Amino acid sequence: MGWVYAFTETKGLGKELLGGKGFALAEMTRLGFPVPPGFTLTTEACRAYLERGAFPEGLWEEVREQVERLEAATGKRFGGGEGLPLLVSVRSGAPVSMPGMMDTILNLGLTRAGVAALAEASGNPRFAWDSYRRLVQMYGEVVLGLAAEGFERLLDRAKVLAGAERDVDLSAADLERLVAAYQEHIGAQGRTFPDDPWRQLEGAVRAVFESWNNPRARTYRRLYEIPDDLGTAVNVQAMVFGNLGDDSGTGVGFSRNPATGERGLYGEYLKNAQGEDVVAGVRTPQPLERLRESEPELYEAIADVAARLEAHFRDMQDFEFTVERGRLYLLQTRTGKRTPEAAVRIAVEMAEEGAVSREEALLRVDANTLPGLLRARIDPDRAPDPVAEGLPASPGAAVGHAVLDAETAESWAGRGLPVVLVRPETTPEDISGMYIARGILTARGGMTSHAAVVARGMGVPAVVGVAALSLNLEERSFRLGDRSFKEGDVISLDGATGRVFAGEVALSEGGSGAYLQRLLAWAEPHRKLGVRANADTPADARRARELGAEGIGLVRTEHMFFDPERIPWVRALILAETEKEEREALDRLFAFQRADFLGLLEAMDGLPVTVRLLDPPLHEFLPPLVELERKEAAGALAPGETKLLAQVRQLHEVNPMLGFRGVRLLLVRPEILRMQVEALLSATRVLREQGRDPRPELMIPLVSTAEEVEQALAVVREVFAEFDLSLPVGTMIETPRAALVAGAIAPLVDFFSFGTNDLTQLTFGISRDDAGHFLPRYLDDRTFPTDPTERLDAEAVGRLLEIAVREGRAANPGLKLGLCGEHGGEAQSVHLAHALGLDYVSASPFRVLTARLAAAQATLQLTEPQDRSSAG
Ligand code: ADP
Ligand code: MG
Ligand code: MG
């Protein structure tokens with residue numbers, strides 16, 4: 001096997017070797033699309049290069065041979081001679097799409113002599129010098145590693161000197177002078193631009209290989225969980241020229257709208273330009289739609305290409321093209337990134353068109369993005385007048401403090417401030433700031449600019465190409481039309497309409513929409529896992545029910561205790577010295593609890609509601625020790641507070657997470673346990689008498705032995721007997737010990753609910769609250785591949801679950817099994833729950849949709865081959 005393959009000879013090779021771009025170029029070539037000829041250096045060549053820091057043996061010979069074949073195919077010579085010289089682009093292409101992450105060099109192979117030949121043969125000296133100018137600049141940045149600003153400054157100066165407003169207004173002579181200035185600039189930094197095409201090619205290939213490890217590529221891979229060891233392919237392709245005049249240009253097309261999912265060709269076009277101009281957002285291009293009138297034939301050709309590409313790859317395509325003197329060439333196609341909204345609509349409509357099956361449509365939507373669909377929107381009826389408008393690049397509303405660079409975004413967001421990133425345009429360096437921002441606003445760029453593409457991929461609302469926006473980075477201020485703002489001022493934006501507002505604008509709740517409803521309806525029959533919600537209030541319960549929750553899997557009763565009106569009674573209970581004081585506090589709390597349970601059970605009438613008995617340590621209900629001690633030191637303790645201080649001291653814990661909480665607390669203070677069970681039974685009875693169908697279940701937290709469960713059950717049964725009413729009783733399995741002795745616990749109870757938050761913390765020996773000191777670094781360098789508090793750790797926590805499921809079911813075949821940690825709303829963890837054969841998962845209300853879809857996907861993935869279109 002070789003290191004290099006022409007686009008025409010890659011049959012049977014896949015994306016992992018050719019990269020996404022190389023694979024698609026070869027595929028389009030094979031299908032007869034107009035693709036300029038070229039060849040691909042495989043990812044294996046990249047890995048070999050990175051390993052030894054040098055080209056592997058034989059690689060360069062293969063490259064030479066391929067270049068000769070390109071010369072033969074195009075009738076041009078690399079480096080020039082007579083007539084048009086052969087110029088190539090050198091393009092990176094990883095197996096997984098990483099937009100803007102790697103660097104591309106155009107017009108490579110051009111030399112001083114070549115410029116003259118190109119000018120002569122094209123009859124267009126301006127074009128020749130423009131191409132050369134771009135090559136020297138790109139080479140300087142990408143291969144020689146010089147800062148872009150240096151070149152931009154010289155370009156701006158050239159424009160000022162020439163009295164030109166835009167790049168295209170520079171004449172051949174202006175550009176020639178500019179190139180000289182570039183060369184000088186490069187020389188001043190001790191580097192040289194090689195006037196030899198082969199050395200150019202070698203430098204470019206090395207740079208692309210090495211760009212696999214640049215910091216922004218690493219960041220992107222971390223954010224999107226892409227493995228670090230794939231490597232990138234390099235594509236070398238004969239150039240076609242969009243900068244030959246007004247009958248030439250370059251553009252980006254989508255076979256459907258990537259923001260909304262709407263059917264039909266969508267995209268942008270820039271006349272007399274080379275590719276990067278569109279993507280980099282340097283000039284704001286025109287919508288493709290306009291070509292329909294001005295150049296109908298071209299428009300039709302592009303629309304036809306879009307439809308054919310989509311039909312072949314069976315998904316929405318994002319393609320790049322160039323028009324050279326009226327002829328259309330395709331340079332890339334890939335499955336288009338899209339907003340969560342668009343993903344749902346496209347999947348549903350493609351299934352309805354018969355292009356894909358419903359099952360496939362279900363598998364195409366990333367379940368973890370669904371909470372984003374419930375994102376707040378700006379209510380058009382209540383919005384004030386906008387201060388500016390731009391392109392609606394990524395839907396959703398954002399309100400936050402304006403920050404003018406990615407670093408500030410990260411540091412302010414790190415302090416908990418919502419931020420909106422305001423930039424002239426974005427570059428891949430801004431990735432981490434974009435990720436953390438509530439919204440993104442840029443002055444330049446179109447719907448396919450870096451900012452727009454990345455924001456849509458991340459689901460961050462964005463407005464781009466706001467012509468009225470100008471920034472002053474020195475003074476940390478900006479203007480929107482005639483209003484000025486300072487960094488830190490609050491602004492709002494609406495990524496669905498492109499409107500920008502001063503100050504904070506009122507938001508309204510989003511809805512799940514008709515397409516999502518349809519998709520979820522298709523999901524239902526496949527789902528084997530039940531889906532419940534974690535809810536503590538009737539309002540949350542109703543919301544969850546609307547979103548399709550089939551019950552409540554976790555009511556945290558302590559949330560009811562924290563209410564400011566009630567906390568004095570909780571304190572009274574803790575501090576009670578006489579039985580009378582204790583009785584009074586309990587009676588009060590009973591009344592509160594009963595009212596809470598009535599509300600919840602009513603909202604969930606006919607569906608199960610799992611009530612967890614009091615879980616947290618008692619000191620959480622008391623004032624902090626330090627506060628009281630400070631008062632004491634200042635001699636400012638109120639009379640009653642001396643006793644309080646003594647109690648707080650007594651209850652103070654060094655390690656509350658491992659302390660006096662859960663079943664331990666309930667066994668030591670059984671009157672609390674009794675009160676809670678009484679309140680639940682009493683509420684149940686009242687509702688039954690009203691003819692309703694309440695279905696409460698009782699759950700004991702934080703057990704680690706069967707004996708604890710037995711003791712708690714003894715108290716519970718006494719109350720059941722008093723009320724002559726009994727309910728299903730279960731226990732949380734959230735300590736590793738409980739999971740390991742599940743076989744002993746199971747016969748005692750009706751159900752287990754896996755509390756994966758605590759189980760994860762106790763398995764790893766991590767406290768979520770204190771993990772901030774090391775977890776970011778662990779995730780950054782992948783010491784932990786993913787955050788185990790977010791995605792269930794299949795290896796160890798999953799193993800504990802597996803043991804508990806197996807031994808629990810063996811000991812009690814009727815045992816019901818649920819999962820109620822945060823993981824219940826994370827798609828991959830839901831798949832694990834499905835694979836373990838649980839009966840249900842319980843998620844926070846806004847993640848119920850995720851759980852429903854993920855549960856259906858879990859079934860489908862286990863029964864269907866996952867990737868039916870390897871071409872996609
Ligand atoms: P990216 O991965 O950043 O999209 P590409 O390799 O696709 O980088 O290159 C960026 C742009 O450069 C392309 O969209 C295209 O317009 C232009 N380009 C690349 N190769 C050629 C070529 N052979 N001829 C003309 N333009 C090209
Ligand atoms: Mg690029
Ligand atoms: Mg591209």
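As the structure lists them, so they are numbered: ligands from 1, and atoms in each ligand from 1. Just so you know, these numbers come straight off a predicted model, no measurement behind them. Count residues from 1 along the sequence.
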Determine whether the side chain, the backbone, both or neither of [X] has a heavy atom under 4.0 Å from any heavy atom of ligand 1.
X	result
M239	both
Q237	both
V88	neither
A238	backbone
L331	side chain

Please work out which of the three classes, parallel, tilted or perpendicular, describes the rings of Y182 and F151, given edges at 30° and 60°. perpendicular

Side-chain donor/acceptor pairs under 3.5 Å, residues 105-121, sequence neighbours excluded:
residue	atom	partner	partner atom	Å
N107	OD1	Q274	NE2	2.8
N107	ND2	S131	O	3.0
N107	ND2	Q274	OE1	3.1
T111	OG1	G114	N	3.1

With no hydrogens and no angle check, do the side chains of E61 and Q66 hold a donor and an acceptor under 3.5 Å apart? no

Pair Q317, R334: side-chain N/O donor-acceptor within cut-off below 3.5 Å: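 The answer is no; no qualifying pair exists.
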
Student check: side-chain heavy atoms of Q237 and L331 closer than 4.5 Å: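 Answer yes - side chains close enough.
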
Under-4.0 Å salt bridge between R153 and D156: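 Not counted as a salt bridge, because no side-chain N and carboxylate O are separated by less than 4.0 Å.
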
For the residue pair R221 and W212, would you count it as a cation-pi contact if the rule is NZ or CZ under 6.0 angstrom from the ring centre and within 45 degrees of the ring axis?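 Yes, R221 lies over the aromatic ring of W212.
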
For R334 and ligand 1, does the shortest N/O to N/O distance drop below 3.5 Å? no

Consider every N or O of L106 and every N or O of ligand 1, then say whether any pair is closer than 3.5 Å.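 By distance alone, the answer is no.
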
Under 2.8 Å: N/O/S of Q332 next to the Mg ion (ligand 3):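 For Q332, the answer is yes, given that an N, O or S atom comes within less than 2.8 Å of the Mg ion (ligand 3).
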
Is there a heavy atom of K21 sitting under 4.0 angstrom from any atom of ligand 1?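 K21 counts as a contact of ligand 1 under the 4.0 Å cut-off.
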
Centres of the F241 and F127 rings: under 6.0 Å?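 Close enough - the centres of the two rings lie under 6.0 Å apart.
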
Numbered atoms and elements of ligand 1 in range of T250, under 4.0 angstrom, heavy atoms: 16 (O)

Going by the order shown, which atoms of ligand 1 are within less than 4.0 Å of some heavy atom of T104? 5 (P), 6 (O), 8 (O), 9 (O)

